[in-house]
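Here is the structure we will look at, set down as structure tokens.
Residue numbers start at 1 and run along the sequence shown. Computed from a predicted structure; not experimentally measured. All values below come from the heavy atoms of this structure, side chains included, with hydrogens, waters and symmetry mates left out.
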Amino acid sequence: MVGRRARSGRGWDAIPPRTGDLPARPRRGRRGRSGPDAATDPVDDGTWPAEPSDESSSSDEPPRAEPRNEAEVAREICLRQLAVRPRTRAELAGALARRGISPEAAAEVLDRYDEVGIIDDAAFARAWVSSRHAGRGLARRALANELRQRGVDSEVAGAALGELDEATEAQTARALVDRKLRSARGEPDAVFRRLVGMLARKGYPPGLAIRAVKDALAAQSAEAAEFADQIDPDALTPDPDADPSLG
């Protein structure tokens with residue numbers, strides 16, 4: 001009897017080859033490559049974290065800002081202040097101090113602005129007097145106080161206020177009273193006190209204020225004129241020597 005031949009091949013009873021006989025299976029690398037180079041590439045299956053390249057890491061870092069010169073910061077602060085309205089040197093110095101600018105840097109910038117005419121306290125004072133007198137009807141006393149609050153030198157302020165004479169003040173006071181009288185209500189004595197008080201708050205001297213109101217009342221009506229005839233401006237005007245605060 002002829003013996004059965006041992007099967008080998010691909011059947012169910014094929015003899016498995018020995019491990020040493022198996023051909024080396026190439027490893028698949030990135031993007032499904034195969035071949036000699038693929039065996040050395042790590043498998044891109046999400047288990048190996050990708051290492052960022054030097055180029056990507058450096059591009060993600062924000063650029064380092066160069067330190068700004070203090071004088072440059074001071075100039076920007078001054079220009080922003082001046083864009084709103086004209087300023088005195090004292091006002092700009094105060095703004096720089098509040099922002100932490102050193103006195104040395106502030107003086108350097110302000111001196112330069114003085115030289116080129118960006119800061120001009122004399123021109124500021126003249127414009128302030130003209131604008132506030134025409135727009136708000138303020139008298140020299142009130143205007144002097146405002147200029148002092150803005151750091152204008154007393155000599156510079158005096159020169160600007162000298163352009164506003166007494167005749168102009170009297171005309172402005174009378175115009176203010178006439179405008180208020182159009183809507184004033186009440187007895188002549190009450191109206192008189194309100195109008196004198198209004199002029200006093202705007203800085204007009206008591207004597208000038210009383211005369212302006214008396215003249216305006218005299219021209220308003222017969223009743224007001226009769227009341228105005230009884231007013232003695234000199235008697236109602238306080239004596240500055242008796243109370244220095246009224247001077």
Run the side-chain contact (heavy atoms from CB on, under 4.5 Å) check on Thr172 and Glu169 step by step: do they pass?
CA-CA 5 Å; Thr172 304; Glu169 273 193 327; 5.8 Å; no
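- Every ring pair (Phe, Tyr, Trp, His ring centres under 6.0 Å) that Phe227 has, sequence neighbours left out, goes to Phe192.
- Arg193 CZ to Glu187 CD: the interatomic distance, rounded to the nearest 0.5 Å, is 10.0 Å.
- Closest approach of Gly151 to Asp121, counting heavy atoms only: O-OD2, 4.5 Å.
- A continuous path of Ile, Leu, Val, Met, Phe, Trp and Tyr side chains, each step under 4.5 Å between heavy atoms, connects Tyr204 with Leu181, placing both in one hydrophobic cluster.
- In the hydrophobic clustering of this structure, Ile119 groups with Val73; members are Ile, Leu, Val, Met, Phe, Trp, Tyr whose side-chain heavy atoms approach within less than 4.5 Å, directly or through other members.
- Taken from CZ in Arg148 to CG in Asn145, the straight-line distance is 4.5 Å, to the nearest 0.5 Å.
- Comment: Arg182 does not engage Asp178 in a salt bridge, judged by the lack of any side-chain N to carboxylate O separation of less than 4.0 angstrom.
- Leu208 and Leu143 fall into different hydrophobic clusters, where Ile, Leu, Val, Met, Phe, Trp and Tyr side chains are chained together by heavy-atom contacts under 4.5 Å.
- Among all heavy-atom pairs drawn from Val177 and Ala212, the shortest one is CG1-O, 4.3 Å.
- Residue Arg141 comes nearest to Gly203 through the heavy atom pair CB-O, 3.3 Å, listed as atom of the first residue, atom of the second, then distance.
- Tested against Ile77 for a side-chain contact (heavy atoms from CB on, under 4.5 Å), the candidates Val109, Ile101, Leu92 yield a single pass: Ile101.
- If you chain together hydrophobic residues whose side chains sit under 4.5 Å apart, Leu82 and Val116 fall into the same group.
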Kindly indicate, with the supporting measurements, whether the criterion side-chain contact (heavy atoms from CB on, under 4.5 Å) is fulfilled by Phe124 and Leu147.
CA-CA 9 Å; Phe124 174 92; Leu147 291 175; 4.2 Å; yes
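- Residues Thr168 and His133 are in side-chain contact: their nearest non-hydrogen atoms beyond the backbone lie under 4.5 Å apart.
- Contact of the Glu104 side chain with the Glu108 side chain is not registered, since no non-hydrogen atoms from C-beta on lie closer than 4.5 Å.
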Between Glu146 and Arg136, is a salt bridge (charged side-chain N to carboxylate O under 4.0 Å, His left out) present by the stated rule, with each step listed?
CA-CA 13 Å; Glu146 290 187 342; Arg136 297 290 303 277; over 6 Å; no
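- How far CG of Leu195 is from NZ of Lys214: 15.5 Å, rounded to the nearest 0.5 Å.
- Using modelled atom types, no side-chain atom of Glu163 and backbone atom of Arg126 make a donor-acceptor pair closer than 3.5 Å.
- Nearest heavy-atom pair across Thr88 and Arg150 is OG1-O, 2.6 Å.
- Heavy-atom contacts from other residues, nucleotides or ligands closer than 6.0 Å to CD of Glu226 number 12 or fewer.
- Listed by chain and residue number, nothing satisfies the salt bridge (Lys or Arg N to Asp or Glu O under 4.0 Å) test with Asp229 (two or more places apart in sequence, or in another chain).
- With Arg87 contributing its side chain and Gln81 its backbone, the two residues share a donor-acceptor pair below 3.5 Å.
- Atom CD of Glu76 has more than 12 neighbouring heavy atoms from other residues, nucleotides or ligands inside a 6.0 Å radius.
- Counting all heavy atoms, side chain and backbone alike, Ala184 lies closest to Val191 at CB-CG1, 4.0 Å.
- Remark: Glu72 does not engage Arg75 in a salt bridge, criterion side-chain N to carboxylate O under 4.0 Å.
- Considering all non-hydrogen atoms of both residues, Ala157 and Val152 come closest at N-CG1, 3.8 Å.
- Residues Cys78 and Leu110 have side chains in contact (heavy-atom distance under 4.5 Å, counting atoms from C-beta outward).
- Cluster annotation: Trp128 is connected to Leu161 through the hydrophobic network of ILVMFWY side chains, with a link wherever side-chain heavy atoms come within less than 4.5 Å.
- The local environment of CZ in Arg194 is crowded, with over 12 non-hydrogen atoms from other residues, nucleotides or ligands closer than 6.0 Å.
- By the neighbour-count criterion of 12 heavy atoms within 6.0 Å, atom CD of Glu115 is densely surrounded, having more than that number from other residues, nucleotides or ligands.
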Under the salt bridge (charged side-chain N to carboxylate O under 4.0 Å, His left out) rule, what do Asp111 and Arg89 come out as? Steps first, then yes or no, please.
CA-CA 9 Å; Asp111 287 344; Arg89 179 180 178 118; 2.8 Å; yes
